[in-house]
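Data first, discussion second: the structure below is written as C-alpha cells.
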Amino acid sequence: MREPPALAGNDASAVNRRPARSAVDKMLDVVPWYKGLPELERDVVRAELRTVSLATGEYLFRAGSRSPGWYGVVEGLVKWSSPGTDGRTLSLAGFSTGSWFGEATMIRRERFEYEVVALRPSRIVILPRDTCERLWNNNIEFTKALMTHLAQRVNWLMGCYTGNVLLDVDTTVARAVAAQLDAEVHSGTKGRLRISQEEIAGLCGVSRQRCNTALTRLAREGVLQTHYGGLTVLDKEALYRCAKISRNPA
C-alpha cells in the first residue's frame with residue numbers, strides 16, 4: 001500500500017496549529033463547578049457569559065446597583081469594600097483570577113450594599129441570573145457548589161469582622177495573603193502570587209509602609225518571600241497560623 005504523500009511545509013503547520021484559547025476558557029478550566037457540568041451545558045453557559053474590562057480604579061459596580069448575575073474574575077484583582085456614611089470605606093476582601101462573587105445579592109434579587117473596584121487592569125465575566133437559576137433548578141452539582149460557596153463566604157465574613165475588631169495589622173496582612181492563596185488554589189501558581197505590596201495594603205486598608213513591615217516579618221520567619229511583581233508563599237501552614245485561621249474540617 002502506498003504511503004500518503006507528505007504534507008507541504010505550510011499545510012503541515014496548518015494541521016498542527018491549534019486555535020488560541022481565550023483567557024476566559026483558561027479561567028473556566030480551573031473552575032470546579034463549571035468542569036462538573038455536562039459538556040452540552042458547559043457550551044451553553046460559555047455562550048451566555050458576558051465579559052467586562054476594567055481599568056485600574058474603575059468600579060465594577062457601586063452600592064445601590066442591581067445585580068445582573070454572578071461575577072467571576074478572569075484576570076486582574078478587584079477589591080470588595082463597604083462604603084460608610086462618613087466617606088470612609090471598609091475593605092472586606094480581594095478577588096483575583098478564578099474567584100466568584102456577588103452570589104448572595106443575586107439570589108436575593110436586591111441591590112448591592114457594597115462596591116467593587118479594580119486595583120489593576122482586570123477582566124470580569126458575568127453569568128446572568130437567569131442562567132444561574134436554570135442551573136440551580138436542574139443541576140444538583142451546581143446547586144451544591146453554590147451552597148458551598150455561600151457557606152465559605154459567610155465563614156470569611158465572620159473572619160473579616162473578627163479581624164477588623166480584634167486583630168492587629170500583622171495578622172490582617174497575613175489573612176489578606178492567605179485569601180489570595182486560597183483564591184488561586186486551582187490556578188497552578190504553586191504559591192507564587194502576582195500581587196504588589198500596594199495592592200495588599202489596599203485590601204487591608206493600611207498604609208504601604210505598615211504593610212511592608214508586616215510582610216518583612218513574615219519573610220524573616222520563612223513564611224513567604226517577596227520579589228519583584230509579587231511574592232511566593234513558602235510555608236502555607238505557617239501562613240495560616242500567622243493569619244490565625246483554623247484549617248480543621250470543623
Side-chain angles (χ1 to χ4, degrees), residues 23 26-27 29-32 54 56 60 71-81 89-103 114 116-125 149 152-164 167-208 210-219 221-247:
K26 292 178 181 177
M27 184 271 279
D29 280 346
V30 300
V31 176
L54 302 172
T56 301
L60 177 63
Y71 294 91
V73 182
V74 177
E75 53 192 5
L77 178 67
V78 298
K79 182 174 74 170
W80 173 27
S81 58
T89 60
L90 174 64
S91 296
L92 296 172
F95 300 122
S96 55
T97 302
S99 299
W100 289 81
F101 60 93
E103 61 281 340
Y114 52 89
V116 169
V117 62
L119 295 183
R120 70 170 76 128
S122 303
R123 193 183 309 179
I124 310 294
V125 290
H149 201 86
Q152 291 171 339
R153 183 78 68 217
V154 170
N155 186 61
W156 173 253
L157 284 172
M158 291 177 67
C160 283
Y161 176 77
T162 301
N164 286 316
L167 300 181
D168 55 42
V169 174
D170 286 3
T171 307
T172 302
V173 169
R175 286 197 171 195
V177 175
Q180 294 310 300
L181 184 67
D182 287 344
E184 299 190 23
V185 67
H186 300 293
S187 300
T189 57
K190 297 182 180 179
R192 188 179 179 93
L193 304 177
R194 192 172 69 86
I195 183 170
S196 69
Q197 294 184 19
E198 184 175 0
E199 289 169 337
I200 296 174
L203 294 175
C204 297
V206 300
S207 69
R208 181 175 179 178
R210 186 62 186 86
C211 178
N212 177 266
T213 300
L215 290 173
T216 300
R217 287 175 181 165
L218 290 171
E221 294 172 13
V223 176
L224 53 79
Q225 180 181 31
T226 58
H227 47 74
Y228 180 76
L231 55 87
T232 299
V233 176
L234 304 176
D235 190 334
K236 184 165 66 172
E237 295 307 317
L239 175 63
Y240 290 139
R241 287 196 298 273
C242 292
K244 298 180 181 178
I245 296 174
S246 171
R247 308 307 296 178

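Along the sequence shown, residues carry numbers from 1. When reading the values below, keep in mind they use all heavy atoms of this one structure, side chains included, and skip hydrogens, waters and symmetry mates.
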Starting at [atom1] of [X], measure out to [atom2] of [Y] and round the result to the nearest 0.5 Å.
{"X": "Thr226", "Y": "Leu218", "atom1": "OG1", "atom2": "CG", "value": "10.0 Å"}
{"X": "Cys204", "Y": "Arg175", "atom1": "SG", "atom2": "CZ", "value": "11.0 Å"}
{"X": "Leu231", "Y": "Gln197", "atom1": "CG", "atom2": "CD", "value": "8.0 Å"}
{"X": "Arg217", "Y": "Cys242", "atom1": "CZ", "atom2": "SG", "value": "11.5 Å"}
{"X": "Lys244", "Y": "Asp170", "atom1": "NZ", "atom2": "CG", "value": "9.5 Å"}
{"X": "Trp80", "Y": "Tyr71", "atom1": "CH2", "atom2": "OH", "value": "13.5 Å"}

Among Leu193, Leu77, Val173, Asn212, find the residue that satisfies the side-chain contact (heavy atoms from CB on, under 4.5 Å) test when tested with Ile200.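 When Leu193, Leu77, Val173, Asn212 are each tested with Ile200, the side-chain contact (heavy atoms from CB on, under 4.5 Å) holds only for Val173.
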Quick check on side-chain contact (heavy atoms from CB on, under 4.5 Å): which of Leu119, Val177, Leu203 does Ile195 satisfy it with?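 It is Leu203, the one option of Leu119, Val177, Leu203 that forms the side-chain contact (heavy atoms from CB on, under 4.5 Å) with Ile195.
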Which residues pass the salt bridge (Lys or Arg N to Asp or Glu O under 4.0 Å) test with Asp235, not counting sequence neighbours?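 Partners of Asp235 by the salt bridge (Lys or Arg N to Asp or Glu O under 4.0 Å) criterion come out as none, since no residue qualifies.
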Least distance between heavy atoms, [X] atom then [Y] atom:
{"X": "Pro121", "Y": "Thr56", "value": "CD-OG1, 3.0 Å"}
{"X": "Tyr114", "Y": "Ser81", "value": "CB-O, 3.2 Å"}
{"X": "Ser207", "Y": "Ala201", "value": "O-CB, 3.9 Å"}
{"X": "Leu239", "Y": "Ala174", "value": "CD1-O, 3.7 Å"}
{"X": "Val73", "Y": "Gly76", "value": "CG1-O, 4.1 Å"}
{"X": "His149", "Y": "Trp100", "value": "NE2-O, 2.8 Å"}

Beyond-backbone contact of [X] with [Y], side-chain heavy atoms, under 4.5 angstrom:
{"X": "Val206", "Y": "Thr172", "value": "no"}
{"X": "Leu60", "Y": "Phe101", "value": "yes"}
{"X": "Gln180", "Y": "Glu199", "value": "no"}
{"X": "Leu234", "Y": "Val223", "value": "no"}

Can you name the residues that form a side-chain contact (heavy atoms from CB on, under 4.5 Å) with Ala23, not counting sequence neighbours?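 With sequence neighbours excluded, Ala23 shows a side-chain contact (heavy atoms from CB on, under 4.5 Å) to Val74, Glu75, Arg123, given in chain and number order.
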